[in-house]
Amino acid sequence: MPKIVRFHQIGGPEILRFEEVESRQPGRDEVRLRVRASGLNRAESMYYHGIYLEQTQLPSRLGYEVAGVVEAVGEGVDPKWVGKNVATVPGFSQYRYGTLGEEAVVPVDVLGEYPKNLTVVQAAAIWMQYLTAYGALVHVGGVKAGDFVSIPAASSSVGLAAIQIVRDHGATAIAVTRTATKRAELLALGAHAVIVSEAEDYASRVHEITGGKGARLTFDPVGGPFIEKLAAAASPGGIVFQYGLLSGQPTPFPFGLAIGKGLSIRGYMLMEITSIPAVAATAKKYVFDRLADGRFVPKIARTFAFAQTVEAYRYLESNQQVGKVVIMVP
């Protein structure tokens, strides 16, 4: 019987349990995957802590992003999927379709094939980050050459994907990180400039880096009071994308700055693009092509064995990583 990870109460990584379950047959429009690697995301941590957008139901599986092989298909699914190497595009219910384990059943429309030049570990580290960044910066923001783009929490997998996208479009990537420990690595990974928010005045540094123009696009998963500084450093007519609340603090609306500069303070979620088939197809092709030709390369911070799942999520929550944390599944 396949092993999965499940939890029966709200809490931290210590609540996660390995359990053996009967192998599931996929239903209509579903497929069953033999999981080989699982990419970890903040969404899972927030889910088992009980603070995610999806209300936590107990007991529950968790997991959004895995790479593996299609073993079986349900009614209405093309049998040609069987045997294909795929990775999952996040955006489904973790309660209903949690993927962390040796086996996962998911809707067929969340599958994405990945280029042959990627390893299975890299394949588990592509869709969440690149599609999330693409939707805001390209699909909505229209990033272009000459733009200045501010990227708070730049050492996250989504932040690093944003840096690669910004560079690919000829714009300037301004990475923002809390401490100086990640500055050198962020520069090595493509950031044009790095702002250490604990030690430097954010708005002054953006003013300096942009020659007084400000950041046309700001891509922020942190939220909280820092949005006032993000707005102060934004260019007239700029867009501040708010796609997370890692700070855990209330996020005030910077009314005066928004009115004075004509700013857009815009909430954003990955599902904006994944829920529209035509947009999702365009986004996946955009990412696939750039992974295939080497313009985009996922950064893996660290890999863990399946038996080390609790340790892997503890590491994720420590904020030490630069890039994606991946669990290898035997």
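Just so you know, residue 1 is the first one in the sequence shown, and it goes up from there.
For Ala203, the side chain to side chain contact (heavy atoms under 4.5 Å, CB included) test picks out Asp201, Ala232, Ala233, with sequence neighbours left out. In this structure, Phe241 has no ring-ring contact (aromatic ring centres under 6.0 Å, His included) partners at least two apart in sequence or on a different chain. By the salt bridge (Lys or Arg N to Asp or Glu O under 4.0 Å) test, Lys285 pairs with Asp289, sequence neighbours left out. For Arg295, the salt bridge (Lys or Arg N to Asp or Glu O under 4.0 Å) partners two or more places apart in sequence, or in a different chain, are Asp168, Asp293. Partners of Arg178 under the salt bridge (Lys or Arg N to Asp or Glu O under 4.0 Å) rule, at least two apart in sequence or in another chain, are Glu198. Every residue was checked against the salt bridge (Lys or Arg N to Asp or Glu O under 4.0 Å) condition with Glu44, not counting sequence neighbours, and none meets it.
Residue pairs that meet the ring-ring contact (aromatic ring centres under 6.0 Å, His included) test with at least one member in residues 113-141, sequence neighbours left out, are Tyr130-Phe296, Tyr134-Tyr286. The stretch residues 9-56 participates, sequence neighbours left out, in these ring-ring contact (aromatic ring centres under 6.0 Å, His included) pairs: Phe7-Tyr47, Phe18-Phe306, Tyr48-Tyr313. For residues 177-210, the ring-ring contact (aromatic ring centres under 6.0 Å, His included) pairs, not counting sequence neighbours, are Tyr202-Phe226. Screening residues 75-111 for ring-ring contact (aromatic ring centres under 6.0 Å, His included), with sequence neighbours left out, gives Tyr64-Phe92. Pairs engaging residues 184-195 under the salt bridge (Lys or Arg N to Asp or Glu O under 4.0 Å) rule: Glu185-Lys299 [sequence neighbours left out].
Counting heavy-atom neighbours within 6.0 Å of Lys229 NZ, excluding the residue itself, gives a total of 12 or less.
Taking hydrophobic clusters as Ile, Leu, Val, Met, Phe, Trp and Tyr residues chained together by side-chain heavy-atom distances below 4.5 Å, Leu246 does not share a cluster with Tyr243.
Through direct or relayed side-chain contacts under 4.5 Å between Ile, Leu, Val, Met, Phe, Trp and Tyr, Ile4 connects to Val21.
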